[in-house]
Undergrad: 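The following block contains the structure, expressed as structure tokens.
Side chains included, hydrogens not; waters and symmetry mates left out as well; all remaining heavy atoms used. Letters A, B, ... are given to chains in the order of the sequence lines, protein chains preceding strands, and every chain is numbered from 1.
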Number of protein chains: 4
Amino acid sequence: MYYFLAMRSEKKPDGQKQPSFIEEARRTQIIESAIETFMELGYANTSLARIAERAGISKGVISYHFAGKTELMEQIVEQVYLGIVAFVVPLKEKETTAAGELRADIRAVAAYMRNHRSHLLALGEIRNNLRTPDRRPRYGVAFNEPIYQAREALFRRGQENGEFRSFDCRVMAVSVQAAVDQMFAYWVTNPEHDLEAHADELADLFEHATRAGHPEETANR
Amino acid sequence: MYYFLAMRSEKKPDGQKQPSFIEEARRTQIIESAIETFMELGYANTSLARIAERAGISKGVISYHFAGKTELMEQIVEQVYLGIVAFVVPLKEKETTAAGELRADIRAVAAYMRNHRSHLLALGEIRNNLRTPDRRPRYGVAFNEPIYQAREALFRRGQENGEFRSFDCRVMAVSVQAAVDQMFAYWVTNPEHDLEAHADELADLFEHATRAGHPEETANR
Amino acid sequence: MYYFLAMRSEKKPDGQKQPSFIEEARRTQIIESAIETFMELGYANTSLARIAERAGISKGVISYHFAGKTELMEQIVEQVYLGIVAFVVPLKEKETTAAGELRADIRAVAAYMRNHRSHLLALGEIRNNLRTPDRRPRYGVAFNEPIYQAREALFRRGQENGEFRSFDCRVMAVSVQAAVDQMFAYWVTNPEHDLEAHADELADLFEHATRAGHPEETANR
Amino acid sequence: MYYFLAMRSEKKPDGQKQPSFIEEARRTQIIESAIETFMELGYANTSLARIAERAGISKGVISYHFAGKTELMEQIVEQVYLGIVAFVVPLKEKETTAAGELRADIRAVAAYMRNHRSHLLALGEIRNNLRTPDRRPRYGVAFNEPIYQAREALFRRGQENGEFRSFDCRVMAVSVQAAVDQMFAYWVTNPEHDLEAHADELADLFEHATRAGHPEETANR
DNA sequence: AATGAATGAGAGTTCATTCAT
DNA sequence: TATGAATGAACTCTCATTCAT
């Protein structure tokens, strides 16, 4: 599930030299500094100079530790994404019913959002804006594909065992992800908003949206 | 409803000179050129020079007709937004039931998306990226507030007349908008995707999510 | 002869807009400033900043008038080369004998050198150093090909009419050009050196080197 | 003859510590790596980082073994120059006549060129570009002075013993050197060119250019 | 003897904006 | 109204050099 690793920009060959401790620390420091800068200033206003300034280091240090601005941003995406997966996946696997898993998923993501606000904001900035040299989007919606497939599988399972009614699994997967993402965006703008209550409400929403209510609606698509 | 005009960057006082026809034509030309550029190159790669080049005019013309890059982008947002409202609102008002109105709304927006792909893409680019001089987001989620309130009103009406179950109207409104927006993004990335079928599926989804299924669930929040 | 035009980087299509007077003046000013900078500081120390500083203009002006540093340098080469050709060719055409033409050629070039020291120095700097994006030499010896062919034709004519002995025309052409170029370099380093006397001496040298001295040496290669 | 040592950047005082074997090996390794880099990428694209990368060592090693980039380049010049002298001088000394010595000289240099292409190319790159801190050429034509004097002596000898006609020995020396250098450059650009034939042709050329043809031309300048 | 890390200057380029014409 | 010209700041990236380990 969440097989994001398949999207990693470049697998490091085993024969490659291990990064030293200090090297790793610096990279982490720079990435964290970049994340905060993206969150605070937005993509267009985030320059290497500002990242370095916030980190209290020289501009050239970033160029020393990363091949370029692009590699830095790809590293951020990778780091943040891996963090999400590592947190959410274990919490889902405890559930037995499809409906239960969907609810657990949504609540887990909400919990993660509360504690990683800046990381997820930076992820969004980069996803929305990073482009390849020929100016086509680097990530875009296709970035969500592994998530979509995981959710599709969940829905199909629920349909097969009679929990869920018949519906288009892809549309449902896309919509769940959209609602979850927007929950985050809404909370960011309205920090007093109750994130956990929102998550529960969302779980209710999709429970109603998916459950097999009337006999004739039971899924067999 | 959709009282977006209240957000307009600057109301022109009534005593102000009316823009001439050619003035208005130039502004429209520039806005269209900018929209295409945003769509094709993304926010970060859209410069006044490129907009002018695409329009086949001199760079200075833009500065002449717009106070600056910021005003141009705000004008784009306004124009596009007004276009959506003008198209969607009449289609909703024909409906009598709340559920019917929701379905009509979603389908109308989908129809609009198909015919205004570049406009909506540009709107997204600007909404995601434009910031005030002190670097806080210019639009963000708050931009959706009028839409949220309209949808909230719809849901509340449905709850009051017994069509809808009890749920948090704000969360539902946010989620509907998120699902609709993501439908667009998904279609942009997958042009062969059936937009109208997706809209219908979404209407089903939210019909199930909102309808008063069991007596004890009838809304009175 | 001297058909350098065939090497021009890009022929301007007739439909292209004419550069304005002030545009042309600025380009000339920048080129002259660049030539002086190349002469004084050498290729490696010549930056756009220094060229602009010498010209008393902003750095961005150069970028405005030239596509980039590369185009500026190619323009310098073209301008200087055309200047040489325009000066030398008419002086050669007055001569009737091959030997006379060779002597006239060498003397004409020497005369040009005296009055265009900085231009020729800059030409040399760029020729020696400018490389394509893939790092291969942009000009190199191949740059001399039109000159070589012109001289070859001269020598062949002299051999055919019996003025010259038999020798390899290409080697002779290369050597004449080398001797002439080095005459310039020597004079640059030793400004008190008598350039005209050097040119006459060179003419003598190649007269002896080429003339048909003994009957059995007359050319028929 | 060829008293190039007088130009050495810094004579090591006798009391200085002898470089260890491994020290010498490292310096040689770095110099060879630098030579290849200069040849392949040209002066402007040759950085210490690239030299180190090619040598498979750390960038700091170069700074450890050489005072700076300048000293490295001066060492390259010295090494290459000494190599030429060591090869050419013995081959000249076998000759008895001045004409014979000139021919032997040219052929010897050509032979050396064939086997030391990268060395001579690097020498040229550095000679053409290296400057002192006040930006005046570090070598330039003056670098050839020992060669010029050696050739002048040869020509004067030939004139005194009646082999050669009267001509300006300095101009002849400069021209021979120019022709030889350009032979190399031409061969580099046209690798299929017959270097040895070119050398022979050059020897013929200067034999005709120098020899005492008519009695009244015999030298006594 | 060698390394990796860091610096600060300087490179070419792009940009929004201003202004005289 | 519209243009072309110019500015100055900010951008990413590369460089030679220094230094602690």
Undergrad: With sequence neighbours excluded, what pairs up with F66(A) under the ring pair (Phe, Tyr, Trp, His ring centres under 6.0 Å) test?
TA: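 Ring pair (Phe, Tyr, Trp, His ring centres under 6.0 Å) list for F66(A), sorted by chain: empty.
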Undergrad: Does K59(C) make a side-chain donor-acceptor contact with the base of dT13(E), cut-off 3.5 Å?
TA: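 Answer yes: a donor N or O sits under 3.5 Å from an acceptor.
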Undergrad: Once side-chain contact (heavy atoms from CB on, under 4.5 Å) is applied, do any residues pair with R26(B), and if so which ones, sequence neighbours excluded?
TA: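 Counting only residues at least two positions away or on another chain, R26(B) forms a side-chain contact (heavy atoms from CB on, under 4.5 Å) with Q29(B), I57(B), V61(B), H65(B).
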Undergrad: Could you work out, with side-chain contact (heavy atoms from CB on, under 4.5 Å) as the rule, every residue matching R54(A), not counting sequence neighbours?
TA: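 Here the qualifying residues are S33(A), E36(A), T37(A), E40(A).
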Undergrad: Mapping H65(C) and H65(B) onto DNA chain F by nearest heavy atom, which one lands closer to the 5' end?
TA: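 Closest to the 5' end, via its nearest nucleotide, is H65(B).
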Undergrad: At a heavy-atom distance below 4.0 Å, what parts of residues 37-57 of chain D sit against DNA chain E?
TA: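 Those residues: none at all.
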Undergrad: Can you sort out the partners of Q79(A) under side chain to side chain donor-acceptor pair (under 3.5 Å), two or more places apart, ordered by chain and number?
TA: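 Partners of Q79(A) under the side chain to side chain donor-acceptor pair (under 3.5 Å) test: none.
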Undergrad: Would you indicate, yes or no, if dG4(E) has its OP1 or OP2 atom less than 4.0 angstrom from a side-chain nitrogen or oxygen of R26(A)?
TA: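 For R26(A), the contact criterion (side-chain N or O under 4.0 Å from OP1 or OP2 of dG4(E)) is not met.
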Undergrad: Can you check whether Y64(D) has a side-chain N or O nearer than 4.0 Å to OP1 or OP2 of dA1(E)?
TA: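 So the side-chain polar atoms of Y64(D) do come within 4.0 Å of the phosphate oxygens OP1 or OP2 of dA1(E), strictly under.
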Undergrad: Nearest to the side chain of S63(D), which nucleotide is it out of dT17(F), dA5(F), dA2(F)?
TA: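 Nearest to the side-chain atoms of S63(D), counting from C-beta on, is dT17(F).
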Undergrad: Are the side chains of Y139(B) and E74(B) in contact, using a 4.5 Å heavy-atom criterion?
TA: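 Yes; the side chains approach each other to less than 4.5 Å.
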Undergrad: Going by the rule side-chain contact (heavy atoms from CB on, under 4.5 Å), which residues pair with A44(A) if we only count those two or more places apart in sequence or in a different chain?
TA: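 A44(A) satisfies side-chain contact (heavy atoms from CB on, under 4.5 Å) with Y43(B) only.
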Undergrad: dT17(E) base to K69(B) side chain: any donor-acceptor pair below 3.5 Å?
TA: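 No, no donor-acceptor pair under 3.5 Å.
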Undergrad: With sequence neighbours left out, what residues match R136(D) under salt bridge (charged side-chain N to carboxylate O under 4.0 Å, His left out)?
TA: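 For R136(D) the salt bridge (charged side-chain N to carboxylate O under 4.0 Å, His left out) partners, ignoring immediate neighbours, are D134(D).
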Undergrad: List DNA chain E stems (3 or more consecutive Watson-Crick/G-U pairs, under 3.5 Å)?
TA: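 Stem list for DNA chain E: E:2-21 with F:2-21.
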Undergrad: If you find the nucleotide of DNA chain E closest to I22(D) and the one closest to S58(A), which residue's nucleotide is nearer the 5' end?
TA: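 Closer to the 5' end of DNA chain E: I22(D).
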Undergrad: Please list, chain by chain and in numerical order, all residues satisfying side-chain contact (heavy atoms from CB on, under 4.5 Å) with S47(D), sequence neighbours excluded.
TA: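 By the side-chain contact (heavy atoms from CB on, under 4.5 Å) rule, S47(D) matches A49(D), R50(D).
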